[in-house]
Asker: 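Take a look at this one; I'll ask things after.
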Amino acid sequence: TLFRSTESTSEKVVLSSLYKNSEQKLRIFKAVKLALSKSTMDDMNTVEFLKVYNSDHRLILQLKFCDREICRRFLQNYREGQLQRELQNQLQVSLSLLAVPIQMVLKVGCETLDHIINDEERCLQYICKEKPDRLPDEEIAEIGR
């Protein structure tokens, strides 16, 4: 499993606050799911959303990759900035805002992958070695429908 932390770099857009509103939560979740799907070129059958943690200005997604190649594409697109651009675009459309500048961080356990993102094999080893400690959250199942 992998944790992806996302926060807006704009003081005007606080994703964690917006996510507390049920209507905005659905919009944000769909934007995240669509951005991930587009950036991995996957129909989302091989990536599971396990939990969304809402903390201090950040949304933290716990993801499980069921396919190594999809995980590799995810890492490549993350490294190249494609995932970030796609998520910014999807959030902009979903939230009807002019811009949603964001910053993202990838973690596996206590290892921050951003520091080693150019070493794809090492990142994959960390991700594949980390076993999920949970099943998909009920909230995820509810809003993911």
Side-chain angles (χ1 to χ4, degrees), residues 1-109 111-130 132 134 136-137 139-145:
T1 61
L2 168 76
F3 292 89
R4 190 191 78 205
S5 170
T6 305
E7 73 178 295
S8 172
T9 56
S10 167
E11 292 178 10
K12 296 178 182 178
V13 180
V14 180
L15 292 175
S16 57
S17 294
L18 291 172
Y19 196 77
K20 291 176 184 173
N21 174 293
S22 60
E23 185 180 313
Q24 300 289 28
K25 179 185 292 191
L26 184 58
R27 289 179 181 175
I28 291 170
F29 185 79
K30 285 183 177 181
V32 168
K33 195 171 181 177
L34 189 56
L36 189 58
S37 175
K38 284 185 172 188
S39 71
T40 59
M41 296 167 276
D42 181 47
D43 60 6
M44 297 310 294
N45 289 327
T46 58
V47 180
E48 283 185 64
F49 285 78
L50 298 178
K51 176 92 175 139
V52 177
Y53 299 91
N54 192 354
S55 74
D56 244 10
H57 300 288
R58 292 187 189 135
L59 289 180
I60 302 169
L61 294 158
Q62 184 178 10
L63 302 171
K64 175 185 170 192
F65 290 88
C66 304
D67 181 280
R68 190 176 177 94
E69 203 47 48
I70 296 297
C71 187
R72 183 182 306 279
R73 270 189 253 154
F74 169 84
L75 289 170
Q76 290 168 349
N77 289 325
Y78 181 86
R79 181 180 60 240
E80 294 166 2
Q82 182 180 343
L83 177 61
Q84 183 169 345
R85 287 188 299 277
E86 189 61 46
L87 182 53
Q88 286 174 313
N89 290 339
Q90 293 301 326
L91 287 170
Q92 182 178 334
V93 170
S94 297
L95 301 173
S96 302
L97 297 170
L98 292 176
V100 183
I102 60 170
Q103 174 181 323
M104 296 190 300
V105 176
L106 292 182
K107 290 186 104 172
V108 173
E111 183 71 39
T112 301
L113 298 185
D114 295 76
H115 303 305
I116 59 167
I117 198 69
N118 289 324
D119 188 346
E120 195 173 285
E121 281 306 314
R122 193 164 156 209
C123 288
L124 282 168
Q125 286 174 356
Y126 277 115
I127 293 167
C128 292
K129 190 168 51 172
E130 187 76 19
R134 66 181 316 113
D137 193 69
E139 180 186 49
I140 295 293
E142 187 69 31
I143 62 176
R145 289 187 192 141

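By convention here, the first residue in the shown sequence is residue 1.
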Asker: If the condition is salt bridge (charged side-chain N to carboxylate O under 4.0 Å, His left out), which residues does Arg79 pass it with, not counting sequence neighbours?
Answerer: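 Arg79 satisfies salt bridge (charged side-chain N to carboxylate O under 4.0 Å, His left out) with Glu120 once adjacent residues are dropped.
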Asker: Looking at Gln84 and Ile102, what are the two nearest heavy atoms and their distance?
Answerer: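 Looking at all heavy atoms of both residues, the closest pair is NE2-O, 2.6 Å.
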Asker: Determine which pairs satisfy side-chain hydrogen bond (donor to acceptor under 3.5 Å, both in side chains) with at least one residue from residues 87-96, sequence neighbours left out, and list them in order.
Answerer: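 Output for this query lists Glu86-Gln90.
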Asker: Please name the pair of heavy atoms, one in Arg68 and one in Cys128, separated by the smallest distance, quoted to 0.1 Å.
Answerer: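 Closest pair (atom of Arg68, atom of Cys128, distance): NH1-SG, 3.3 Å.
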Asker: Which pairs count as salt bridge (charged side-chain N to carboxylate O under 4.0 Å, His left out) when at least one residue sits in residues 1-11, sequence neighbours excluded?
Answerer: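 The answer is Glu7-Arg58.
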Asker: Tell me the ring-ring contact (aromatic ring centres under 6.0 Å, His included) pairs involving residues 66-98, sequence neighbours left out?
Answerer: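 Residue pairs with at least one partner in residues 66-98: Phe65-Phe74.
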Asker: Quick one: OG on Ser10 to CD on Gln103, what's the gap to the nearest 0.5 Å?
Answerer: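 The distance works out to 13.0 Å.
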Asker: Measuring only between side-chain heavy atoms, which start at C-beta, is Val52 closer than 4.5 Å to Ile60?
Answerer: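 The answer is no, as the side chains (C-beta and beyond) never meet within the 4.5 Å cut-off.
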Asker: To check you understand the geometry: which heavy-atom pair defines the closest contact between Ser16 and Asn54, and what is its length?
Answerer: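 So the two residues come closest at CB-OD1, 2.7 Å.
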Asker: Suppose we screen for side chain to side chain donor-acceptor pair (under 3.5 Å). Which residues come up paired with Arg85, at least two apart in sequence or across chains?
Answerer: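 Listed in chain order: nothing, the list is empty.
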Asker: Against the six-membered ring of Phe49, is Lys51 placed for a cation-pi contact (under 6.0 Å from the centre, within 45° of the normal)?
Answerer: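 Because its charged atom misses either the 6.0 Å distance or the 45° angle limit, Lys51 does not stack over Phe49.
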Asker: Apply side-chain contact (heavy atoms from CB on, under 4.5 Å) to Ser22 and list each qualifying residue two or more places apart in sequence or on a separate chain.
Answerer: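 Listed in chain order: nothing, the list is empty.
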Asker: Go through the steps for Leu34 and Lys30 under the test side chain to side chain contact (heavy atoms under 4.5 Å, CB included), then give the verdict.
Answerer: CA-CA 6 Å; Leu34 189 56; Lys30 285 183 177 181; over 6 Å; no
Asker: Check Val13 against Ala99 and note the closest heavy-atom contact, atom names and distance.
Answerer: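 The pair with the smallest heavy-atom distance is CG2-O, 4.3 Å.
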Asker: Out of Asn118, Leu113, Asp114, which one pairs with Ile116 under the side-chain contact (heavy atoms from CB on, under 4.5 Å) rule?
Answerer: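 Only one of Asn118, Leu113, Asp114 forms a side-chain contact (heavy atoms from CB on, under 4.5 Å) with Ile116, namely Leu113.
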Asker: Kindly determine whether Thr112 and Leu106 satisfy side chain to side chain contact (heavy atoms under 4.5 Å, CB included), including the steps that lead there.
Answerer: CA-CA 6 Å; Thr112 301; Leu106 292 182; over 6 Å; no
Asker: Going by the ring-ring contact (aromatic ring centres under 6.0 Å, His included) test, which pairs reach into residues 84-106, not counting sequence neighbours?
Answerer: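 Not a single pair qualifies under ring-ring contact (aromatic ring centres under 6.0 Å, His included).
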Asker: Kindly give the heavy-atom pair with the smallest separation between Ala35 and Leu83, and that separation in Å.
Answerer: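 In this case the closest contact between Ala35 and Leu83 is O-CD1, 3.9 Å.
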Asker: Could I get the full list of salt bridge (charged side-chain N to carboxylate O under 4.0 Å, His left out) partners for Arg122, not counting sequence neighbours?
Answerer: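 Arg122 satisfies salt bridge (charged side-chain N to carboxylate O under 4.0 Å, His left out) with no residue once adjacent residues are dropped.
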Asker: Looking only at non-hydrogen atoms, find the nearest pair between Leu15 and Ile28 and report the distance.
Answerer: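 Minimum heavy-atom contact is O-CD1, 4.0 Å.
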Asker: State which residues pass salt bridge (charged side-chain N to carboxylate O under 4.0 Å, His left out) with Lys107; sequence neighbours excluded, sorted by chain then number.
Answerer: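 Counting only residues at least two positions away or on another chain, Lys107 forms no salt bridge (charged side-chain N to carboxylate O under 4.0 Å, His left out).
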Asker: How many angstroms lie between atom CG of Leu2 and atom CD of Glu111, to the nearest 0.5 angstrom?
Answerer: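 If we round to the nearest 0.5 Å, Leu2:CG and Glu111:CD are 12.0 Å apart.
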Asker: What's the verdict on side chain to side chain contact (heavy atoms under 4.5 Å, CB included) for Glu48 and Leu63, showing C-alpha distance, side-chain angles and the deciding distance?
Answerer: CA-CA 6 Å; Glu48 283 185 64; Leu63 302 171; over 6 Å; no
Asker: Quick one: does Leu50's side chain get under 4.5 Å of Leu61's, heavy atoms only?
Answerer: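 A side-chain contact under 4.5 Å is absent here.
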Asker: Given side chain to side chain contact (heavy atoms under 4.5 Å, CB included), test Leu124 with Arg72 step by step and report yes or no.
Answerer: CA-CA 7 Å; Leu124 282 168; Arg72 183 182 306 279; 3.5 Å; yes
Asker: What pairs with Gln24 under side-chain contact (heavy atoms from CB on, under 4.5 Å), at least two apart in sequence or on another chain?
Answerer: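 So Gln24 forms a side-chain contact (heavy atoms from CB on, under 4.5 Å) with Leu18, Asn21, Arg27, Leu95.
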Asker: Regarding Arg73 and Glu80, does a basic nitrogen lie under 4.0 Å from an acidic carboxylate oxygen?
Answerer: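 Looking at Arg73 and Glu80, the cut-off is not met.
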